[in-house]
Amino acid sequence: MQSESNNNASPAAPPALQPLKGPALLLLTIAAALSTFMEILDITIANVSIPTIAGALGVSTNQGTWIISAYSVAAAIAVPLTGWLARRVGEVKLFVMSVLAFTLMSALAAFSVNLPMLVVFRLLQGLVSGPMVPLSQTLLVRNFPPEKRGAAMGLWAMTVILAPIAGPLLGGYISDNYHWSWIFLINIPIGLFGGITIWTLMRKRESATVKMPLDVVGLLLLVVGVGSLQLMLEIGKDYDWFASPFITALGVIAVVALTFFIAWVLTSDHPIVELQLFRDKNFRYGVILLSVGFMTYFGSVVIFPLWLQLVMGYTSAQAGAAMAPIGIFTLILSPIIGKNIARLNLRALATFAFIVMGAVSLWNTQMSLEVGFWDIVNPRLVQGIGMACFFLPVQSLMLSNITPDHMAGASGLSNFLRTLGAAMGTAISVTMWEHLATDHHSRLVENVSHFSPASNEYLGTLQAGGLSLNQAFAVVERTINAQSYMLATDDFFLYCSVAFFALTSLVWLTKPKKGVAAAVGH
């Protein structure tokens with residue numbers, strides 16, 4: 001990577017330290033994994049609890065969605081700043097500060113008595129959470145013995161994949177059985193354990209720091225651009241997207257601010273975000289694979305439970321139970337793949353992952369209104385195999401040429417784009433699904449008329465069963481609605497399969513190095 005030694009932006013190399021061993025290594029892994037899990041969990045845990053929280057605080061559900069939007073916007077701004085902050089403060093100190101501040105904001109959110117108070121603390125919670133995920137990855141890589149780094153990254157990848165699945169399940173259970181504040185209170189013991197443990201083990205293993213000037217212009221452009229983009233993605237659907245002047249304004253502001261941000265950062269002596277990392281071929285294509293892969297995966301994770309609840313009549317708990325099997329093979333395979341990552345062909349494994357997820361998407365296109373529970377669960381099981389084979393190989397390919405002093409910046413930037421991809425996947429998938437359903441509905445109703453023998457026969461059968469003509473038409477409308485959304489679901493997963501299969505060709509544009517060190521980004 002391009003050196004910045006001429007402008008004093010590169011820290012001096014830290015003294016060589018032996019990797020951690022035994023109980024210390026185990027504690028580091030547990031503390032980092034739990035901290036990562038806690039932060040990612042908080043992105044999704046509140047989603048299913050919005051009606052409960054809104055009711056308790058005396059506001060509408062639409063107003064309650066600001067609890068999610070505030071967190072997402074703040075986190076999106078903070079994550080790409082990880083590299084600059086880590087080089088300025090130190091990776092260990094920044095991680096511990098982030099974890100403990102996140103824990104404090106969680107406690108304050110739990111004791112909020114009105115919506116504005118809760119939204120403010122959720123915004124602050126998202127703002128301080130930014131460095132947690134990328135730095136947990138960096139700390140594990142730096143402090144594990146070379147031969148065990150792959151296994152460490154396998155465990156880290158497992159938490160990143162499982163947390164979004166566990167969030168809605170845990171949030172729904174807490175909302176149904178306990179006070180909503182426990183959604184945030186459960187973070188307190190985890191955060192205290194993570195922060196105190198990491199500081200105790202790592203305070204003498206701090207990374208080198210450098211007094212870098214703050215790029216105020218770059219920071220302002222980042223805040224305005226990313227904040228506008230994330231807010232547009234979060235609330236665009238509620239405002240009918242670009243039919244709303246407000247959403248259009250957010251889109252224009254995001255495009256202009258981010259365009260100026262990219263131009264400014266690429267010519268700055270002390271950039272707030274290391275966009276120069278994209279000069280590396282593996283990082284560039286790896287980020288695309290990671291972001292688009294997560295965008296497509298998250299779209300499916302959003303649409304499937306919506307279909308189950310709105311069309312198939314599943315409860316939130318039943319929909320969660322149908323989705324949960326994704327985590328089974330992810331839980332089993334991620335550590336195994338991580339442990340053997342140096343022996344595996346990363347491009348072949350990533351290609352296999354995209355083929356599996358594309359095939360599962362095609363499998364999903366065969367769903368109908370008559371499918372049973374196990375017909376829904378089986379594809380989710382297989383999808384878990386694809387996810388386990390996707391995340392870690394792509395992550396390893398992406399970071400294979402990144403030097404240690406740029407690791408925190410690369411992790412922060414890639415995690416930001418992965419999170420942004422997930423947000424875009426959520427926004428695009430829901431809008432696409434509803435538009436497809438509307439299109440199918442308009443096509444299906446064309447066949448319902450007095451000139452259609454099939455329509456007249458069906459209406460006659462319903463009336464013979466005791467329904468009035470209006471009631472019979474209502475039954476027909478419900479049937480058409482259900483079929484429209486079913487057809488839209490099949491179409492949506494067909495598009496997902498095309499996206500996954502297309503990514504297989506992009507994998508082979510990367511050129512991985514050989515060996516354990518390369519596999520984990522050194």
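Hydrogens, waters and symmetry mates play no part in the numbers below; they use all other heavy atoms, side chains included. What you see is a predicted model; the values in this text were computed from it and never measured.
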Chemist: Measuring from atom CD1 of Ile337 to atom OG of Ser334, what distance do you get when rounded to the nearest 0.5 angstrom?
Modeler: 6.0 Å
Chemist: Any idea which heavy atoms bring Leu381 and Phe329 closest together, and the distance?
Modeler: O-CD1, 3.3 Å
Chemist: Can the ring centres of Tyr239 and Phe246 be said to be less than 6.0 Å apart?
Modeler: yes
Chemist: Between Leu81 and Leu219, is the side-chain contact (heavy atoms from CB on, under 4.5 Å) condition met? List the steps.
Modeler: CA-CA 9 Å; Leu81 297 175; Leu219 178 61; 3.9 Å; yes
Chemist: Return yes if some donor-acceptor pair links the side-chain N/O of Ser505 with the main-chain N/O of Ala502 below 3.5 Å, else return no.
Modeler: yes
Chemist: Could you tell me whether the side chain of Thr248 and the main chain of Phe242 form a donor-acceptor pair under 3.5 Å?
Modeler: yes
Chemist: Could you point out which residue of Trp307, Tyr495, Tyr485 forms a ring-ring contact (aromatic ring centres under 6.0 Å, His included) with Trp433?
Modeler: Tyr485
Chemist: Step through the shown structure and confirm whether more than 12 heavy atoms of other residues, nucleotides or ligands are within 6.0 Å of CZ on Phe501.
Modeler: yes
Chemist: Taking the side chain as every heavy atom from C-beta outward, state whether Ser429 and Phe492 have any atom pair closer than 4.5 Å.
Modeler: yes
Chemist: Can you tell if the side chain of Ile402 reaches within under 4.5 Å of the side chain of Phe283, non-hydrogen atoms only?
Modeler: yes
Chemist: Is any side-chain heavy atom of Phe391 closer than 4.5 Å to one of Leu290?
Modeler: yes
Chemist: How far apart are the C-alpha atoms of Phe390 and Phe354, what are their side-chain angles, what is the distance that settles it, and do they pass the ring pair (Phe, Tyr, Trp, His ring centres under 6.0 Å) test?
Modeler: CA-CA 7 Å; Phe390 153 65; Phe354 288 126; 5.3 Å; yes
Chemist: Looking just at side-chain N and O atoms, do Asp42 and Asn187 make a donor-acceptor pair shorter than 3.5 Å?
Modeler: yes
Chemist: Using every non-hydrogen atom in the two residues, find where Val377 and Pro325 come nearest and quote the distance to one decimal.
Modeler: CG1-CG, 3.6 Å
Chemist: Taking side chain as C-beta onward, heavy atoms only, is Pro131 less than 4.5 Å from Ser98?
Modeler: yes
Chemist: Taking the side chain as C-beta and beyond, is there a heavy-atom pair between Leu289 and Met398 under 4.5 Å?
Modeler: no
Chemist: Salt bridge check, Arg284 against Asp280: does any charged N sit closer than 4.0 Å to a carboxylate O?
Modeler: no
Chemist: Got a sec: does the CH2 of Trp264 have more than 12 other heavy atoms crowding it under 6.0 Å?
Modeler: no
Chemist: Which heavy atom of Pro134 sits nearest to which heavy atom of Gly130, and what is that distance?
Modeler: CD-O, 3.5 Å
Chemist: How many angstroms lie between atom CG of Leu444 and atom CG of Leu487, to the nearest 0.5 angstrom?
Modeler: 6.0 Å
Chemist: Is the distance between the ring centroids of Tyr297 and Phe500 under 6.0 Å?
Modeler: no
Chemist: Between Ser136 and Thr36, which heavy-atom pair has the shortest distance, and what is it?
Modeler: OG-OG1, 2.7 Å
Chemist: Would you name the heavy atoms of Met367 and Phe304 that are closest together and state the gap between them?
Modeler: CE-CZ, 4.1 Å
Chemist: Within the structure provided, determine whether Leu34 and Met38 are in side-chain contact (heavy-atom separation under 4.5 Å).
Modeler: no
Chemist: Is there a donor-acceptor pair closer than 3.5 Å between any side-chain N or O of Asn340 and the backbone N or O of Arg343?
Modeler: no
Chemist: Is there side-chain contact between Leu275 and Ile262, with at least one heavy-atom pair below 4.5 Å?
Modeler: yes
Chemist: Is it true that Ser497 and Ser361 share a donor-acceptor pair across their side chains at a distance under 3.5 Å?
Modeler: no
Chemist: Taking atom types as modelled, is there a side-chain donor on Thr510 or Asn282 under 3.5 Å from an acceptor on the other?
Modeler: no
Chemist: CE/Met424 to CG/Leu229 distance, rounded to the nearest 0.5 angstrom?
Modeler: 7.0 Å
Chemist: Using the side-chain contact (heavy atoms from CB on, under 4.5 Å) rule, take Val382 and Val356 through it: C-alpha gap first, then chi angles, then the decisive distance, then the call.
Modeler: CA-CA 8 Å; Val382 179; Val356 168; 4.0 Å; yes
Chemist: In sequence, state the C-alpha distance, the side-chain angles, and the governing distance for Val256 and Thr259, and then conclude on side-chain contact (heavy atoms from CB on, under 4.5 Å).
Modeler: CA-CA 5 Å; Val256 172; Thr259 300; 5.9 Å; no
Chemist: side-chain contact (heavy atoms from CB on, under 4.5 Å) between Met387 and Met357: does it pass, once the steps are laid out?
Modeler: CA-CA 8 Å; Met387 284 305 298; Met357 290 192 287; 3.5 Å; yes
Chemist: Do Phe416 and Thr82 have side chains that approach each other closer than 4.5 Å (heavy atoms only, starting at C-beta)?
Modeler: no
Chemist: If I take atom CD1 from residue Ile428 and atom CG from residue Leu233, how far apart are they, to the nearest 0.5 angstrom?
Modeler: 7.5 Å
Chemist: Is there a donor-acceptor pair under 3.5 Å between the side chain of Asn378 and the backbone N or O of Trp374?
Modeler: yes
Chemist: Is a side-chain donor-acceptor pair under 3.5 Å present for Glu91 with Thr138?
Modeler: no
Chemist: Return the CE to CG distance between Met132 and Leu94, rounded to the nearest 0.5 Å.
Modeler: 11.0 Å
Chemist: Rounded to the nearest 0.5 Å, what separation is found between the CG atom of Leu333 and the CG atom of Leu392?
Modeler: 11.5 Å
Chemist: Which residue is it: Ile326, Leu362, Val360? I am looking for the one with a side-chain contact (heavy atoms from CB on, under 4.5 Å) to Pro379.
Modeler: Val360
Chemist: Return the minimal non-hydrogen interatomic distance between Ile376 and Ala322, and the atom names on each side.
Modeler: CG2-CB, 4.0 Å
Chemist: Is there a donor-acceptor contact under 3.5 Å linking the side chains of Gln125 and Arg122?
Modeler: yes
